[in-house]
**Student:** 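One structure follows; several queries about it will come next.
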Amino acid sequence: MEKKTLVIIPAYNEENNIKIVIDSLSEMYPEIDYIVINDCSNDRTKEVLQQMHANYIDLPLNLGIGGGVQTGYIYAYENQYDVAVQIDGDGQHDITYLKDVIAPILNDTADCVIGSRYINNEGFQSSFMRRVGINFLSRLIKICTGISVKDVTSGFRAVNRTWIQNFALDYAQDYPEPEAIITEACRGARILEVPVKMNARLSGESSISGMKTVYYMIKVSLAIILQRISLRKEIR
Amino acid sequence: MPIILRILLYLAILFYFVWMYKLFKKQKLNLQYSLMWIFSGIILLVLVTFIKDFEKVLHFLGIAEGMNGLFAIAIFLILLMLMIITSIVSQMNNRHKTLIQKCALLEKRVRELENQMKGEQNNANDNSVPD
C-alpha cells in the first residue's frame, strides 16, 4: 500500500516566503500533501494563503511554534497519514532534500529523521554564536540520552505514524525541537540524522534573537534535564 | 503582643474571610480553590489566638519575636499558594491550547464544507439553465 505523506509548514508572519515554499513544494512533489499552520500572523499571510487556495489551518490565537506544529500532527493523525514531515515556512529548508528525509521512514529504518546542516557542512551554517549554542545543546542531549544528534534545533524532520500519534497527544511548547529529540530518545525511537542543505532566511526575522537567545539557552537546557528526569522510567 | 496589634490582626483576618465569602457568593471563586484560602485563613486565626504558646515554640526554634514567626509562616503560605496558582495557570494553558487547536481544525472543516456546498450550488444552477 502506498504510504500517505503530509508536509507540515508552520508559518508566522511569512507573507513574503510562504507562497514560494508552497509553490516549489507542489512543483517538485505534486503527489505529497501539505498543510500550512498560520499561527495567527499579524501580516498578510492569511490573505496570501486564501488567494492561492492553499490547504491551511488558521489558528485563532497565537500558540507559538510548538502548538502550531502540534496542530499539524493532530491533522495528520486525524487524516490517517503514515509519514509527517515538518519544514519551516520561511524557505530556509531546501526541499530538494525532502525525499532524503522521508526515505528512512518509508524503508522503516528509522522512526524519526532529522535533517542536519552539520553532517556535510553544506549551505547556510548559521552564525558562530548559534553554532556554539547548538553544539552545547547537542552535547547536553548526548549526556542525557547517549544519542548523538548534531543539528538539534533543525526544524526539518520527519516521523512515522507512531510518532505522529505521540506528538498529536503531547508536544513540547515554546521551542520544541531539542525537547522533541529527548522525548523520542527516552521512548526508544530510532533517530537518524540525514544531511540537508539550508538557506539563509528569504526575508523576515528569526523568532530567536537578542536577549531571547539567552532565555532560549537556559530554558531549553532546563527542559532537556527536566524531561530526562521525568521520562527516566521509560528508557529501554 | 500588644492588645491593639492583636485587634488589628483579628480585623484583618475578618476582612480576609468576608472578602472571600463575597467572592464565593458572586461565584468568582471555585470551591476547589477556595479551600486552600479557607485553610490558610484558619491557620492564621489559630496562630494569632494562641500566640503565647506559639511564641514558646518559636523561642525554641531561635525566633525571638512572635510577629516574626507569623511573618515567616505567612510568607511560606504565600509562596505555597503562588506555586499552586502557577500549576493552575499551566493546566489552563494546556486546555486553552487544545481548545484553540480543535477550534482551528473545525474552522478548516467548515470552510471546506462551505466551498463544497458552493460548488454544488453552482453546478445545480448551471444544470438548471437550458441551452
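Worth saying up front: this structure is predicted, and the values here are computed from it rather than measured.
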**Student:** Does atom OH of Tyr10(B) have more than 12 heavy-atom neighbours from other groups under 6.0 Å away?
**Tutor:** yes
**Student:** Assess whether atom CD1 of Ile4(B) is packed by more than 12 heavy atoms of other residues, nucleotides or ligands within 6.0 Å.
**Tutor:** no
**Student:** Are Glu112(B) and Asn55(A) packed together at the side-chain level, in the sense that at least one heavy-atom pair is separated by less than 4.5 angstrom?
**Tutor:** yes
**Student:** Can you name the nearest heavy-atom pair linking Tyr56(A) to Arg111(B), along with the distance?
**Tutor:** O-NH2, 3.1 Å
**Student:** Below 4.5 Å from any heavy atom of chain B, which atoms of Leu61(A) appear? Answer side chain, backbone, both or neither.
**Tutor:** both
**Student:** What's the separation between atom CD1 in Ile100(B) and atom CG in Leu63(A), rounded to the nearest 0.5 Å?
**Tutor:** 4.5 Å
**Student:** Between CG of Leu59(A) and CD of Glu107(B), what distance do you get to the nearest 0.5 Å?
**Tutor:** 9.5 Å
**Student:** Determine whether more than 12 heavy atoms belonging to other residues, nucleotides or ligands lie under 6.0 Å from atom CZ of Phe17(B).
**Tutor:** yes
**Student:** Hey, is NZ on Lys19(A) packed in by over 12 heavy atoms from elsewhere, all under 6.0 Å?
**Tutor:** no
**Student:** Counting only heavy atoms from other residues, nucleotides and ligands, does the tally under 6.0 Å from CD of Glu31(A) exceed 12?
**Tutor:** yes
**Student:** Does a sphere of radius 6.0 Å around CZ in Phe50(B) hold more than 12 heavy atoms from other residues, nucleotides or ligands, not counting ones at 6.0 Å or beyond?
**Tutor:** no
**Student:** Taking atom OH as the centre, does Tyr77(A) end up with more than 12 heavy-atom neighbours from other residues, nucleotides or ligands that are less than 6.0 angstrom away?
**Tutor:** no
**Student:** Name the region of Ile35(A), side chain, backbone, both or neither, that has any atom closer than 4.5 Å to a heavy atom of chain B.
**Tutor:** side chain
**Student:** Looking at CG of Asn115(B) and NE2 of His53(A), how far apart are the two atoms once the value is rounded to the nearest 0.5 Å?
**Tutor:** 8.5 Å
**Student:** Is any side-chain heavy atom of Ile74(A) less than 4.5 Å from a side-chain heavy atom of Lys102(B)?
**Tutor:** no
**Student:** I need the minimum non-hydrogen distance between Asp58(A) and Ala104(B), along with the two atoms involved.
**Tutor:** O-CB, 3.5 Å
**Student:** Crowded around His96(B) NE2? As in, over 12 foreign heavy atoms under 6.0 Å?
**Tutor:** no
**Student:** Could you give me the CA-CA distance, side-chain angles and deciding distance for Tyr73(A) and Gln101(B), then say whether side chain to side chain contact (heavy atoms under 4.5 Å, CB included) is met?
**Tutor:** CA-CA 11 Å; Tyr73(A) 282 116; Gln101(B) 289 171 334; over 6 Å; no
**Student:** What part of Gln70(A) gets within 4.5 angstrom of chain B, counting heavy atoms only: side chain, backbone, both, or neither?
**Tutor:** both
